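Quick note: residue numbers are just sequence positions, from 1. Predicted model only: the values in this text are computed from it and were never measured.
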Amino acid sequence: MNAFIGIVIAIIVFGLIIFIHEFGHFTVAKLCKVKVNEFALGMGPALVKFRRGETLYALRLLPFGGYCSMEGENDESDNERAFCNKRVWQRILIVAAGAIMNLILGLIVVAIMLSTQDAITSSTITWFSDDATSSETGLELGDEIKSINGMHIFSEIDMSYQLQSDEDGVFDFTVLRDGETVELNGVTFALDETEDGNVLHLDFKVAPIEKGFFSVCEYSVKTSVSYGRLVLVSLKDLVLGKYKINDLSGPVGIVSVLSDVVDSNADTSGIDWYSLFQQLLSLSALITINVGIFNLLPLPALDGGRLLFLIIEAIRRKPVPAKYEGYVHTAGFALLMLLMVYITAHDIFKLFV
């Protein structure tokens with residue numbers, strides 16, 4: 001039952017993220033007077049379709065994917081309303097709109113998450129445990145944590161990431177103490193031994209911030225920035241070899257994660273819907289911000305790759321020959337599909353081991 005709930009939630013989450021992305025392309029294309037031939041949510045055979053004006057709208061069988069098909073998007077066209085015949089700045093706006101809408105969606109989801117919490121977490125220390133080694137090695141009550149190991153702290157996500165990704169339990173902190181910036185080197189935390197290795201023993205708590213319109217707005221931006229930076233840091237770690245391709249997850253892996261989230265909030269008395277709601281909002285925000293940032297990377301077949309060619313066109317004042325751009329995007333798309341097939345196969349394999 002929980003697996004079924006996880007699948008349903010995954011379809012809703014992915015559907016919303018994809019719809020918002022493609023709706024971004026669609027809306028800006030319409031504003032720029034570009035002819036949109038089809039707007040589709042999903043891939044494969046159409047379950048429902050209808051035409052309104054010049055555009056075909058379709059809901060397709062496979063729930064992961066979608067597209068906004070524009071006249072002259074991938075080839076030449078004599079139509080003055082074709083994408084290829086619009087000014088370069090208009091094409092840049094159309095291509096970038098999908099990823100930007102994902103980032104805006106992430107910000108909205110974070111705002112909903114913070115608005116429905118009891119309080120917002122600050123970075124100001126208000127309590128130490130009796131055996132706190134961090135207080136013995138530099139931290140004090142009232143310290144506002146500004147950075148850990150050189151990473152600026154925007155939200156609790158940054159603190160959690162930095163404190164949980166370390167192995168020796170020793171950190172360099174920058175704190176604001178009595179209005180002055182203080183550098184603390186060698187702040188030490190105890191390590192608890194577990195079956196999976198050593199785990200940092202967090203021996204302090206931070207103060208809550210009372211919710212209000214301005215505090216929710218401020219921390220929605222800060223938390224969204226934290227999610228975005230986490231995505232970029234993870235990509236950097238992947239390139240540098242800290243993570244392997246097998247650590248990546250596709251739609252199947254994310255469905256499995258969502259099922260685990262449902263399981264973790266269920267017991268004999270039922271599902272803790274509030275806790276599940278909060279965790280799903282957090283995961284959804286991370287996924288949509290991930291999609292937005294990933295699509296802006298200058299990689300072939302992605303929006304970022306198309307943006308790169310458009311920026312080159314704007315600088316050169318003439319486009320890159322269409323056939324060469326087509327070769328690059330085709331090759332990039334083929335490699336991306338191979339990667340997705342591999343990740344999906346690996347996700348399925350993990351379900352049975």
message = For a 4.5 angstrom cut-off between non-hydrogen side-chain atoms, does Val34 reach Arg81?
response = no

inquiry  = Per the side chain to side chain donor-acceptor pair (under 3.5 Å) rule, what does the pair list look like for residues 326-337, sequence neighbours excluded?
reply    = Glu325-His329

key: Pairing residues for Phe128 by the ring pair (Phe, Tyr, Trp, His ring centres under 6.0 Å) criterion, not counting sequence neighbours   = none

key: Backbone N/O of Pro63 and side chain of Arg60: donor-acceptor pair under 3.5 Å   = no

task = Could you walk me through whether Thr55 and Lys30 pass side chain to side chain donor-acceptor pair (under 3.5 Å), step by step?
result = CA-CA 11 Å; Thr55 305; Lys30 288 289 189 179; 3.2 Å; yes

request  = For Thr223 and Ser220, indicate whether the former's side chain and the latter's backbone hold a donor-acceptor pair under 3.5 Å.
outcome  = no

query = Would you say Tyr67 and Met43 make side-chain contact, with heavy atoms under 4.5 Å?
reply = yes

Side-chain atoms of residues 287-298: list all donor-acceptor pairs with protein atoms under 3.5 Å, sequence neighbours left out, distances to 0.1 Å.
residue : atom : partner : partner atom : Å
Thr288  : OG1  : Asn102  : O            : 3.1
Thr288  : OG1  : Asn102  : ND2          : 3.3
Asn295  : ND2  : Val291  : O            : 3.0

query = Are any non-hydrogen side-chain atoms of Asp158 and Ile148 less than 4.5 angstrom apart?
reply = no

inquiry  = Could you check whether any side-chain N or O of Glu38 sits under 3.5 Å from a backbone N or O of Leu56, counting only pairs where one atom can act as donor and the other as acceptor?
reply    = no

remark   = To the nearest 0.5 Å, atom CD1 of Ile94 lies from atom CG of Leu307 at 11.0 Å

key: Aromatic plane relationship, Phe171 with Phe173 - under 30° parallel, 30 to 60° tilted, over 60° perpendicular   = perpendicular

task = Check the surroundings of atom CZ in Phe333: do more than 12 heavy atoms from other residues, nucleotides or ligands lie under 6.0 Å from it?
result = no

query = Does atom OH of Tyr324 have more than 12 heavy-atom neighbours, drawn from other residues, nucleotides or ligands, at distances under 6.0 Å?
reply = no

message = Tell me if a side-chain donor or acceptor on Asp172 pairs with a main-chain N or O of Asn149 at a distance below 3.5 Å.
response = no

ask   = Tell me, which pairs form a salt bridge (Lys or Arg N to Asp or Glu O under 4.0 Å) where one or both residues lie in residues 133-154, sequence neighbours left out?
value = Glu140-Arg177, Asp143-Arg177, Glu144-Lys146

request  = Taking the side chain as every heavy atom from C-beta outward, state whether Ile12 and Val8 have any atom pair closer than 4.5 Å.
outcome  = yes

query = Side chains of Glu71 and Asn37: donor-acceptor distance under 3.5 Å anywhere?
reply = yes

ask   = Donor-acceptor pair, Tyr274 side chain versus Thr116 backbone, under 3.5 Å?
value = yes

query = Are the side chains of Met101 and Thr27 in touch, meaning some heavy atoms are under 4.5 Å apart?
reply = no

Fellow cluster residues of Leu107, listed by chain then number, with links counted only when side-chain atoms sit under 4.5 Å apart = Phe154, Val221, Val225

inquiry  = Does any part of the side chain of Val88, heavy atoms only, come nearer than 4.5 Å to the side chain of Arg91, both counted from C-beta?
reply    = yes

Per-pair distances, 0.1 Å, donor-acceptor, side chain in residues 200-211, under 3.5 Å, sequence neighbours excluded:
residue : atom : partner : partner atom : Å
His201  : ND1  : Asp192  : OD2          : 3.4
Asp203  : OD1  : Ser134  : OG           : 2.5
Asp203  : OD2  : Thr133  : N            : 3.0
Asp203  : OD2  : Ser134  : N            : 3.2
Asp203  : OD2  : Ser134  : OG           : 3.4
Lys211  : NZ   : Ser115  : O            : 2.6
Lys211  : NZ   : Gln117  : O            : 2.6

inquiry  = Just by distance, no angles: are the side chains of Tyr227 and Ser282 close enough, under 3.5 Å, to form a donor-acceptor pair?
reply    = yes

